[in-house]
Amino acid sequence: MKCRQCRHPETKVLESRESKDGSTIRRRRECQSCGFRFTTFERSEEQPVYVVKRDGTRELFDRQKLLRSMVLASQKRNVSPKELESVAEWVERTAGMSDEKEISTARVGELVLDVLRHLDPVAYVRFASVYRSFEGPDDFVSELERLAQNAKSFRPASEEPDVPEQQDSLPEAPL
């Protein structure tokens, strides 16, 4: 690391600290030549995750976009912003764990629906109506019937959701 003042290539690390979330390391350094002290921050470089849309186009995963759609689905429901943020973070981590570095919008939607079904059934149906492109009342009725059939697996938000078998290698769901 070069000194920011004299550009000398030799510096000594005086102190290192990890951030609270463990994503960054703060290092206090001193130049071996002029004695100037400065701070650097080290962060691991993350590979971008791309979302493959239904029409085949690709765009960078946008956590805020996902969060906005969940906020709309859970509007005026008893779902806290902290819970939604946790779901968005979990989906982002899950998407980033793939070796492919691409995830389909279908997979993102299913991940969100799996959690929303346990978090709030109304938010689940609202999200499903947009994600699955409901065209009329019959689509809502069939989704509600499917939800009612699976009511045995519905648990309050205070309990862990059932994680489908295919997700064994995924991080734990955020509930």
Side-chain angles (χ1 to χ4, degrees), residues 18-24 43-175:
E18 196 172 293
S19 66
K20 290 179 184 176
D21 65 359
S23 65
T24 310
R43 182 174 297 119
S44 65
E45 185 177 3
E46 295 182 14
Q47 295 295 321
V49 176
Y50 287 90
V51 176
V52 181
K53 298 175 129 188
R54 290 178 187 170
D55 66 1
T57 60
R58 289 171 170 70
E59 65 180 44
L60 280 173
F61 180 88
D62 186 351
R63 181 178 174 168
Q64 291 304 315
K65 188 175 180 181
L66 177 62
L67 196 53
R68 279 191 304 272
S69 65
M70 290 189 302
V71 166
L72 282 173
S74 61
Q75 212 167 22
K76 296 185 181 182
R77 299 297 302 161
N78 194 20
V79 180
S80 74
K82 189 175 184 178
E83 289 172 313
L84 295 177
E85 181 66 39
S86 178
V87 172
E89 181 180 323
W90 177 74
V91 170
E92 184 175 33
R93 264 196 338 261
T94 301
M97 288 179 64
S98 169
D99 292 336
E100 306 285 314
K101 297 304 174 201
E102 288 185 347
I103 187 168
S104 68
T105 54
R107 182 73 179 127
V108 171
E110 291 303 324
L111 289 170
V112 172
L113 286 174
D114 284 346
V115 178
L116 284 182
R117 181 170 49 91
H118 299 284
L119 197 59
D120 186 276
V122 173
Y124 165 85
V125 172
R126 288 176 177 172
F127 190 88
S129 72
V130 174
Y131 163 68
R132 294 189 176 138
S133 304
F134 287 5
E135 293 184 15
D138 292 341
D139 294 332
F140 281 94
V141 170
S142 63
E143 190 66 38
L144 289 171
E145 286 172 351
R146 185 175 23 224
L147 188 60
Q149 286 175 348
N150 295 328
K152 297 173 206 160
S153 66
F154 176 74
R155 298 179 184 181
S158 62
E159 297 182 28
E160 282 284 324
D162 293 330
V163 178
E165 290 179 25
Q166 65 189 22
Q167 296 180 6
D168 287 342
S169 63
L170 300 179
E172 189 172 310
L175 295 177

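These numbers come from a predicted model, not from an experiment.
- A heavy-atom distance below 4.5 Å is not found between the side chains of R126 and L72.
- Of all heavy-atom pairs between L60 and P48, the closest is CD2-CB, 3.5 Å.
- The OH atom of Y124 sits 9.5 Å away from atom CG of L144, with the distance rounded to the nearest 0.5 Å.
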Stepwise salt bridge (charged side-chain N to carboxylate O under 4.0 Å, His left out) test for R146 and E143: CA-CA 5 Å; R146 185 175 23 224; E143 190 66 38; 2.5 Å; yes

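- Proximity of R54 to T105: side-chain heavy atoms (C-beta onward) are separated by under 4.5 Å at one or more points.
- Contact detail for D139 and E135: the closest heavy-atom pair is OD2-N, 2.6 Å.
- If you take CD on E83 and CE on M70, they are separated by 11.0 Å, rounding to the nearest 0.5 Å.
- D138 is linked by a side chain to side chain donor-acceptor pair (under 3.5 Å) to nothing, counting only residues two or more places apart in sequence or in another chain.
- In this structure, F134 and V125 approach most closely via the heavy-atom pair CE2-O, 4.5 Å.
- Crowding of N78 atom CG: a count of heavy atoms from other residues, nucleotides or ligands under 6.0 Å not exceeding 12.
- Partner S69 forms a side chain to side chain contact (heavy atoms under 4.5 Å, CB included) with one of L66, L67, V71 and no other, that one being L66.
- With L111 as reference, T94 is the one residue of V87, T94, L116 to meet the side chain to side chain contact (heavy atoms under 4.5 Å, CB included) rule.
- Residues R63 and E85 have side chains in contact (heavy-atom distance under 4.5 Å, counting atoms from C-beta outward).
- Taking 4.0 Å as the cut-off between side-chain N and carboxylate O, E59 and K65 count as a salt-bridged pair.
- Side-chain contact between L84 and S74 is present, with at least one heavy-atom pair separated by less than 4.5 Å.
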